[in-house]
Amino acid sequence: RFNGFLGLPTTKGEFVISPEFSCFGHKWLFRIYPGGYNCSDDGYVALFLLNKTRESIEVEYKYIIKHPNGGEDVSGGWNKVVKFLPKDSVVVGDVG
C-alpha cells in the first residue's frame, strides 16, 4: 500500500519500494515508479512485483489502484500463471 501518492517522485526512472508483505507463504514487495520506468510512455506508472523468497512460485495476480476521491479505479495484472524465480526476480506491468 502506498499512501500519499501525490508526494511520491514523478521523475521517470525514480522508484519507491513498498513494505515487504507475505502471501501464499512467500515474501513480496512492490517497486513503483510514479513517473514511469525508463521505457514507459509519458503519463504511465510502472509497477514491479518482486519475490523476496528463495523459492520460485507460480501465481496469477491482479492489482488495483484506488482513486483517492472515489473516481474510477485502475486495475491490471496477468490473466495467466506467471512464474516468479527465487529472490529478487521481477515481473513488470505498466498502468496508464
Side-chain angles (χ1 to χ4, degrees):
R1 173 179 275 205
F2 287 91
N3 293 313
F5 189 84
L6 290 175
L8 298 179
T10 58
T11 303
K12 192 178 275 191
E14 289 188 28
F15 64 90
V16 178
I17 297 174
S18 75
E20 194 171 277
F21 60 95
S22 295
C23 188
F24 298 113
H26 283 250
K27 293 179 182 177
W28 304 88
L29 62 79
F30 275 107
R31 188 183 310 157
I32 185 169
Y33 293 74
Y37 191 59
N38 296 329
C39 59
S40 297
D41 291 334
D42 289 342
Y44 280 69
V45 172
L47 295 173
F48 289 63
L49 178 60
L50 287 83
N51 175 13
K52 300 301 290 181
T53 306
R54 295 190 186 274
E55 301 168 357
S56 62
I57 185 172
E58 294 183 7
V59 296
E60 183 177 331
Y61 70 93
K62 181 177 181 178
Y63 54 84
I64 300 171
I65 299 175
K66 306 285 284 173
H67 191 286
N69 300 321
E72 186 175 343
D73 295 337
V74 176
S75 64
W78 295 88
N79 291 325
K80 62 180 182 175
V81 173
V82 177
K83 184 173 186 175
F84 285 82
L85 298 176
K87 194 161 171 116
D88 297 329
S89 300
V90 176
V91 171
V92 181
D94 263 343
V95 181

Gap separating the [atom1] atom of [X] from the [atom2] atom of [Y], nearest 0.5 angstrom:
{"X": "Cys39", "Y": "Lys12", "atom1": "SG", "atom2": "NZ", "result": "8.5 Å"}
{"X": "Phe21", "Y": "His26", "atom1": "CZ", "atom2": "NE2", "result": "12.5 Å"}
{"X": "Leu49", "Y": "Leu29", "atom1": "CG", "atom2": "CG", "result": "8.0 Å"}

May I ask you to test the Val16-Pro9 pair for a side-chain heavy-atom distance under 4.5 Å?
-> yes

Determine whether more than 12 heavy atoms belonging to other residues, nucleotides or ligands lie under 6.0 Å from atom CG of Asp42.
-> no

What are the two closest heavy atoms between [X] and [Y], and how far apart are they?
{"X": "Gly13", "Y": "Tyr33", "value": "O-CE2, 3.3 Å"}
{"X": "Ser75", "Y": "Ile64", "value": "CB-CG1, 4.0 Å"}
{"X": "Ala46", "Y": "Ser40", "value": "CB-OG, 3.9 Å"}
{"X": "Trp28", "Y": "Cys23", "value": "NE1-O, 3.2 Å"}
{"X": "Pro34", "Y": "Glu14", "value": "CD-O, 3.7 Å"}

Determine whether the aromatic ring centres of Tyr37 and Phe48 lie less than 6.0 Å apart.
-> yes

Passes side-chain contact (heavy atoms from CB on, under 4.5 Å), Leu85 versus Asn51? Steps please.
-> CA-CA 7 Å; Leu85 298 176; Asn51 175 13; over 6 Å; no

Linking I/L/V/M/F/W/Y whenever their side-chain heavy atoms sit closer than 4.5 Å, directly or via other members, would Phe84 and Val81 fall into one cluster?
-> no

Would you check if the side chain of Thr53 reaches a backbone N or O of Lys27 as a donor-acceptor pair within less than 3.5 Å?
-> yes

